[in-house]
Amino acid sequence: MCESIKSIIFKRLEESPPHSIFFLNDFAELGSLETIRKVFLQARLAGLVSHLSHGIYVRPMISRFGEVPPPLETVAKEIAKRDYVKIMPTGSTAANLLGLSTQIPMNVSYLTTGSSRKINIGNRFIQFKHAAPKNFAYKGTTIPLIVQALRDLGEKNINEETLSSLALYIENAKDKDSFVSDLILAPVWIQSIIKPLVTEKNEALATI
């Protein structure tokens with residue numbers, strides 16, 4: 001094995017912050033996949049990385065209780081970036097991000113412009129489900145996140161606690177400028193829920 005390949009990879013790993021995600025293909029220009037795999041095996045033995053899934057590694061974060069697993073959301077975003085696809089949280093993942101659920105889900109689910117698949121990360125997994133392009137037509141992130149969460153929750157299961165959590169999330173949203181165009185894309189029943197929650201700064205929504 002060429003020592004220069006090992007030194008280059010080790011240097012990058014050592015300089016990266018905890019929970020940095022790495023793929024074997026990230027280093028394809030340095031040599032064959034088998035060579036890169038052998039370097040990562042040595043890196044694992046040296047404690048520089050931990051193995052997450054096939055071809056996926058992470059720079060470990062160590063606490064006094066031991067190794068802290070990386071957030072699956074971080075891993076999912078890095079996979080999407082690697083594959084040049086868009087993803088959107090859906091189901092319980094969207095609900096958790098909105099504060100509609102206080103439970104941290106063991107597994108996460110996303111709509112994707114890529115292929116449907118399930119990636120196991122230890123005893124957890126990331127579920128990607130291929131979705132039509134119209135699901136990614138939104139300009140911002142707040143409205144589509146709410147749409148996915150409420151679709152999963154169901155109109156009959158929305159209560160005052162749900163509305164309170166949504167109002168807080170909307171109030172702190174950084175993409176309010178996209179609300180008008182994005183709300184038009186939402187199902188009518190979801191529009192009727194969101195519009196009353198919007199602050200006075202978004203009076204333009206009243207014209208929809």
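Values reported hereafter were calculated over all heavy atoms of this structure, with side chains retained and with hydrogens, waters and symmetry mates removed. Residue numbers count from 1 along this sequence.
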request  = Run through Ile87, Ile119, Thr74 and flag the one making a side chain to side chain contact (heavy atoms under 4.5 Å, CB included) with Ile79.
outcome  = Ile119

Would you say [X] and [Y] make side-chain contact, with heavy atoms under 4.5 Å?
{"X": "His19", "Y": "Pro60", "value": "no"}
{"X": "Glu73", "Y": "Pro89", "value": "no"}
{"X": "Phe125", "Y": "Val108", "value": "no"}
{"X": "Leu48", "Y": "Arg59", "value": "yes"}
{"X": "Ile190", "Y": "Pro187", "value": "yes"}
{"X": "Leu52", "Y": "Pro70", "value": "yes"}

Any side-chain to backbone donor/acceptor pair from [X] onto [Y]? Under 3.5 Å, distance only.
{"X": "Ser181", "Y": "Tyr138", "answer": "no"}
{"X": "Thr35", "Y": "Gly31", "answer": "no"}
{"X": "Asn157", "Y": "Leu153", "answer": "yes"}
{"X": "Asp182", "Y": "Lys139", "answer": "yes"}
{"X": "Arg82", "Y": "Phe23", "answer": "no"}
{"X": "His51", "Y": "Ser53", "answer": "yes"}
{"X": "Gln148", "Y": "Ala94", "answer": "no"}
{"X": "Asn159", "Y": "Thr162", "answer": "yes"}
{"X": "Ser164", "Y": "Glu161", "answer": "no"}
{"X": "Asp175", "Y": "Thr142", "answer": "yes"}

Distance (rounded to the nearest 0.5 Å) between [X] [atom1] and [Y] [atom2]:
{"X": "Leu185", "Y": "Ser178", "atom1": "CG", "atom2": "OG", "result": "10.0 Å"}
{"X": "Glu155", "Y": "Leu150", "atom1": "CD", "atom2": "CG", "result": "9.5 Å"}
{"X": "Thr90", "Y": "Leu111", "atom1": "OG1", "atom2": "CG", "result": "4.5 Å"}
{"X": "Lys81", "Y": "Glu78", "atom1": "NZ", "atom2": "CD", "result": "4.0 Å"}
{"X": "Met61", "Y": "Ser50", "atom1": "CE", "atom2": "OG", "result": "12.0 Å"}
{"X": "Asp83", "Y": "Ser115", "atom1": "CG", "atom2": "OG", "result": "7.5 Å"}

Please report the shortest heavy-atom distance between [X] and [Y], naming the atom on each side.
{"X": "Ile21", "Y": "Val75", "result": "CD1-CG2, 4.0 Å"}
{"X": "His130", "Y": "Gly114", "result": "ND1-O, 2.7 Å"}
{"X": "Pro69", "Y": "Glu67", "result": "CD-O, 3.6 Å"}
{"X": "Ala186", "Y": "Gln191", "result": "O-NE2, 2.9 Å"}

Say whether [X] and [Y] are linked into one hydrophobic cluster, either directly or through other cluster members, by side-chain heavy-atom distances under 4.5 angstrom.
{"X": "Leu197", "Y": "Ile143", "answer": "yes"}
{"X": "Val49", "Y": "Val39", "answer": "yes"}
{"X": "Ile36", "Y": "Leu41", "answer": "no"}
{"X": "Trp189", "Y": "Leu98", "answer": "yes"}
{"X": "Tyr169", "Y": "Leu183", "answer": "yes"}

Test log, rule side-chain hydrogen bond (donor to acceptor under 3.5 Å, both in side chains), inputs Ser109 and Gln127 = CA-CA 5 Å; Ser109 56; Gln127 184 75 55; over 6 Å; no

request  = Please lay out, stage by stage, how Ile126 and Tyr110 fare under the test side-chain contact (heavy atoms from CB on, under 4.5 Å).
outcome  = CA-CA 8 Å; Ile126 301 171; Tyr110 292 85; 4.2 Å; yes

inquiry  = Does Leu166 form a side-chain contact (heavy atoms from CB on, under 4.5 Å) with Leu100? I'd like the steps, not just the answer.
reply    = CA-CA 8 Å; Leu166 289 178; Leu100 303 183; 4.1 Å; yes

ask   = Phe22 and Tyr57: aromatic ring centres closer than 6.0 Å?
value = no

message = Between Met106 and Asn123, is the side-chain contact (heavy atoms from CB on, under 4.5 Å) condition met? List the steps.
response = CA-CA 9 Å; Met106 277 288 292; Asn123 62 347; 4.0 Å; yes

message = Checking Leu72 against Arg124 for the side-chain contact (heavy atoms from CB on, under 4.5 Å) test, could you report, in this order, the C-alpha distance in whole Å, the side-chain angles of both residues, the deciding distance, and whether it holds?
response = CA-CA 8 Å; Leu72 290 185; Arg124 305 179 294 166; 3.6 Å; yes

ask   = Got a sec, which residues hit salt bridge (charged side-chain N to carboxylate O under 4.0 Å, His left out) with Glu15, two or more places apart in sequence or on another chain?
value = Lys11

message = Counting only heavy atoms not in Glu29 (residues, nucleotides, ligands), do more than 12 fall under 6.0 Å from its CD?
response = yes

